[in-house]
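Throughout, a chain's letter reflects where its sequence line sits, starting with A, and its residues are numbered from 1. Owing to the predicted nature of the structure, the values given are computational and were not obtained by experimental measurement. Values below: every heavy atom of this structure, side chains too, minus hydrogens, waters and symmetry copies.
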There are 2 protein chains.
Amino acid sequence: MVDVARRAGVATVTVSRVLHEADKVAPATRARVEAAIAELGYLPNLVARSLVAARTGMVAALIPTIDNSLHAEMIQGMDERCAAAGLHLLIGCTAFSLEVEERMLRAFLSRQPEAVYLTGSNHSPATRTMLKASRVPVVEVASLPELPIDMVAGYSSFHAAGTVLRHLIERGYRRIGYVHSPIGVNDRLVERHRAYLETLAAAGLETPEAWRFESELGMAGGGRALARLRQQAPELDAVFCSTDVLAVGVLLECLRQGISVPGELAVAGFDDLPIAAEIVPALTTVRIPRRRMGEVAAGLILRRLGGEAVAEPVVDLGFELQVRASA
Amino acid sequence: MVDVARRAGVATVTVSRVLHEADKVAPATRARVEAAIAELGYLPNLVARSLVAARTGMVAALIPTIDNSLHAEMIQGMDERCAAAGLHLLIGCTAFSLEVEERMLRAFLSRQPEAVYLTGSNHSPATRTMLKASRVPVVEVASLPELPIDMVAGYSSFHAAGTVLRHLIERGYRRIGYVHSPIGVNDRLVERHRAYLETLAAAGLETPEAWRFESELGMAGGGRALARLRQQAPELDAVFCSTDVLAVGVLLECLRQGISVPGELAVAGFDDLPIAAEIVPALTTVRIPRRRMGEVAAGLILRRLGGEAVAEPVVDLGFELQVRASA
DNA sequence: TGGCTTTATGGTAGCGTTTCCATCGCCGCT
DNA sequence: AGCGGCGATGGAAACGCTACCATAAAGCCA
């Protein structure tokens, strides 16, 4: 900046003004400064600016993993909105661990982000304390926490799963199994599990343990899960899967084993991934507004940063049952 | 920090030392300072530290979109390695636009990242100039550029696609079509297209325009592409797809239309997504070491930042033909 | 024409850290 | 006992920028 100022024959403060203040600088001077900037290829140092302005223009986002299309899409929606507003995303992966989340958050907060994007509603006490103390706007995405830290852009996994299950029941299925990935600290999976037990119970249906199966992650896991589940519970007439990835795995295993869907076994999923509509038979599932959640999260943050009081800090984006051929 | 210092009855510089210098502070003093830090919930301001240390601990990563499992996995590998070294990722999406990439890079460079992760080898002249001028370590990931900006962790789309195509030829297919997504500025797709034309030509096979089809993005696009391609070129005995997403779409469309694969039509893809091994029939494709590329990219950066001269700055991670049932 | 406002620019003081150098005891050696 | 040296701590400057106030020049009106 000193170099630019010298070259343009002005003070550094004038360079700064050319960069930020629209009409505070005479056209001739402005032209000279801009020429100097171009000639030197000068890029302002945002670290210094952040220090004095106490605004970094960064948003910290903590997600379980990036290579999960659900979170990737949410972040994509978030990023598009944020980028348009000049906010950049600092992304960290927690690997589904509250300890990692806490550690990463501590590190991220040191960078003075202007807002924090958190996945789900399950966070360690220290995480909550730090966030409250930091007075940074926070959005929890993908759940509807009972005690939100601050703002929320989510949906109810409990109700969404319940809706799918009620659909199965309406269709006449009575022996409904459940295939799910390891639950861990994932509150969405906790809710879906609860929905499975409670919705079937409410309909007077059984949910013996043998009808549930904890699968490995990934599509192949779904296939293996189905094979095992058919051994331990051949009486099942339907399977609900905690995510479409598993459901597609199940569907493909059925295809390989020649099990007719939905005749012999109905299958339903959760998420409505793009493949759900394409696979044969097309998968009955529930659509989660993943991209929209990211966009809404960004919107909440931007409004708050703009100084607006956000009247409705908890936004329920809902879900949409997708009835297709598989159930 | 002033508060912590006052509470512990020391100078700020001592607080700083407690934070960073292992043995430069008396145990008793250190304990007092640490107590004060804990009591006040003090988090150091990394912005200020970055300013004076001229080290931000951030790496800027520019990828086309986050919601693309390929890039997501590369970034995942990158992030894991970086996070372990205390480097945080600043992520931006270029939406497959060189202009956007240039604009985002300019913004990111202002944040003084310690390294830059770039996707592919196709960048605007201004982008290249800025990077050279900034003297920041750069890794280009996923291609093998003819004129690397700096370091590279990639593979040859040309050779990988060529290998798949030669496999088709060996299997006896002679009328091989090509379904690909819009090429735009994506150098990987340019290379695959060139591989299609040159590999078949080298084998003395035809590649009339009617055998090529530019599909929409996404799995559904693959399905529609197949339908159209079968109309305009019913004579095809095999189809090569520029990505597994399209190939799976093609496969599912075949399933729906009752086209037997590979009997009536062989199908091959590119990427080896998890679904490739699961779908029926399993997809012949080529495995790209996506996660590994991210890890290697991180490794290159870390070595460079550690002051090591990187002897082999261009790493070719290769690829692996996966022969399965579909071709 | 003189005082007033307005416009254009500059000087200086931080922002919260770390780096560099100085200071102060205290230990051990002769 | 005196001196060199070392370990522990502090003071002040600096990192690159912007906020705030000051100043100078230029316009304006009666």
Side-chain angles (χ1 to χ4, degrees), chain A residues 1-37 40-58 86 106-114 133-136, chain B residues 1-37 40-58 86 106-114 133-136:
Chain A
M1 194 161 192
V2 175
D3 296 341
V4 173
R6 194 168 12 233
R7 184 164 194 122
V10 297
T12 58
V13 70
T14 301
V15 177
S16 173
R17 269 194 279 257
V18 167
L19 258 26
H20 307 295
E21 277 153 294
D23 299 323
K24 289 284 187 181
V25 119
T29 317
R30 148 161 264 125
R32 253 184 311 139
V33 171
E34 277 168 352
I37 288 178
L40 295 174
Y42 165 76
L43 288 178
N45 183 327
L46 258 180
V47 175
R49 181 187 306 181
S50 299
L51 184 59
V52 48
R55 293 198 54 237
T56 54
M58 294 196 306
R106 197 184 313 278
F108 276 10
L109 283 180
S110 280
R111 297 194 180 274
Q112 319 290 118
E114 298 195 33
S134 73
R135 316 188 137 282
V136 167
Chain B
M1 194 163 193
V2 175
D3 296 341
V4 173
R6 191 163 19 225
R7 184 163 194 125
V10 298
T12 59
V13 69
T14 302
V15 177
S16 173
R17 269 194 280 256
V18 167
L19 259 25
H20 306 294
E21 277 153 293
D23 299 322
K24 288 287 187 180
V25 119
T29 317
R30 150 163 261 125
R32 254 184 310 141
V33 172
E34 277 168 351
I37 288 178
L40 295 174
Y42 164 76
L43 288 178
N45 183 326
L46 259 179
V47 176
R49 181 187 304 178
S50 299
L51 182 60
V52 48
R55 292 198 53 237
T56 55
M58 295 197 306
R106 196 184 315 276
F108 277 9
L109 283 179
S110 279
R111 296 194 180 276
Q112 318 289 119
E114 297 195 33
S134 72
R135 317 187 137 283
V136 167

Contacts of B:Thr56 meeting side chain to side chain contact (heavy atoms under 4.5 Å, CB included) (sequence neighbours excluded), chain-then-number -> A:Val47, B:Ser50, B:Met58, B:Gln112, B:Glu114
Partners meeting side chain to side chain contact (heavy atoms under 4.5 Å, CB included) with A:Val52 (sequence neighbours left out)
none
When we call it a touch if two heavy atoms are under 4.0 Å apart, what does A:Val25 touch: a base, just sugar-phosphate, or nothing?
sugar-phosphate
Nearest-0.5 Å distance that lies between atom OH in A:Tyr42 and atom OG in B:Ser110:
8.0 Å
Can you list everything that forms a side chain to side chain contact (heavy atoms under 4.5 Å, CB included) with B:Arg7? Sequence neighbours excluded, please.
B:Ala36, B:Glu39, B:Leu40
Could you list all the side-chain hydrogen bond (donor to acceptor under 3.5 Å, both in side chains) pairs where at least one residue sits in residues 10-20 of chain A, not counting sequence neighbours?
A:His20-A:Arg49
Please name the pair of heavy atoms, one in A:Ala107 and one in B:Leu46, separated by the smallest distance, quoted to 0.1 Å.
O-CD1, 4.2 Å
Non-neighbouring partners of A:Arg30 that pass side chain to side chain contact (heavy atoms under 4.5 Å, CB included), sequence neighbours left out:
A:Val18, A:Val25, A:Glu34
What are the atom names and distances for every N/O pair under 3.5 Å that joins the protein to nucleotides 15-24 of chain C?
unit_1: C:dT17; atom_1: OP1; unit_2: B:Tyr42; atom_2: OH; d: 2.9
unit_1: C:dT17; atom_1: OP1; unit_2: B:Asn45; atom_2: N; d: 3.0
unit_1: C:dT18; atom_1: OP1; unit_2: B:His20; atom_2: NE2; d: 2.1
unit_1: C:dT18; atom_1: OP1; unit_2: B:Arg49; atom_2: NE; d: 3.0
unit_1: C:dT18; atom_1: OP2; unit_2: B:Ser16; atom_2: OG; d: 2.3
unit_1: C:dT18; atom_1: O5'; unit_2: B:Ser16; atom_2: OG; d: 3.4

Contacts to DNA chain D from residues 28-36 of chain B, heavy-atom cutoff under 4.0 Å, which residues?
B:Thr29
Listed by chain and number, what are the side chain to side chain donor-acceptor pair (under 3.5 Å) partners of A:Arg111, not counting sequence neighbours?
B:His88
Show your reasoning for whether side chain to side chain contact (heavy atoms under 4.5 Å, CB included) applies to B:Ile37 and B:Leu19.
CA-CA 10 Å; B:Ile37 288 178; B:Leu19 259 25; 3.6 Å; yes
Span of DNA chain D engaged by chain A, first through last nucleotide within the 4.0 Å heavy-atom cut-off, is D:dG16 to D:dA19
Determine, stepwise, if the pair A:Thr29 / A:Arg32 fulfils side chain to side chain contact (heavy atoms under 4.5 Å, CB included).
CA-CA 5 Å; A:Thr29 317; A:Arg32 253 184 311 139; 3.7 Å; yes
Difference in axis direction between the ends of the helix from C:dT1-D:dA30 to C:dT30-D:dA1, five pairs, 10°:
40°
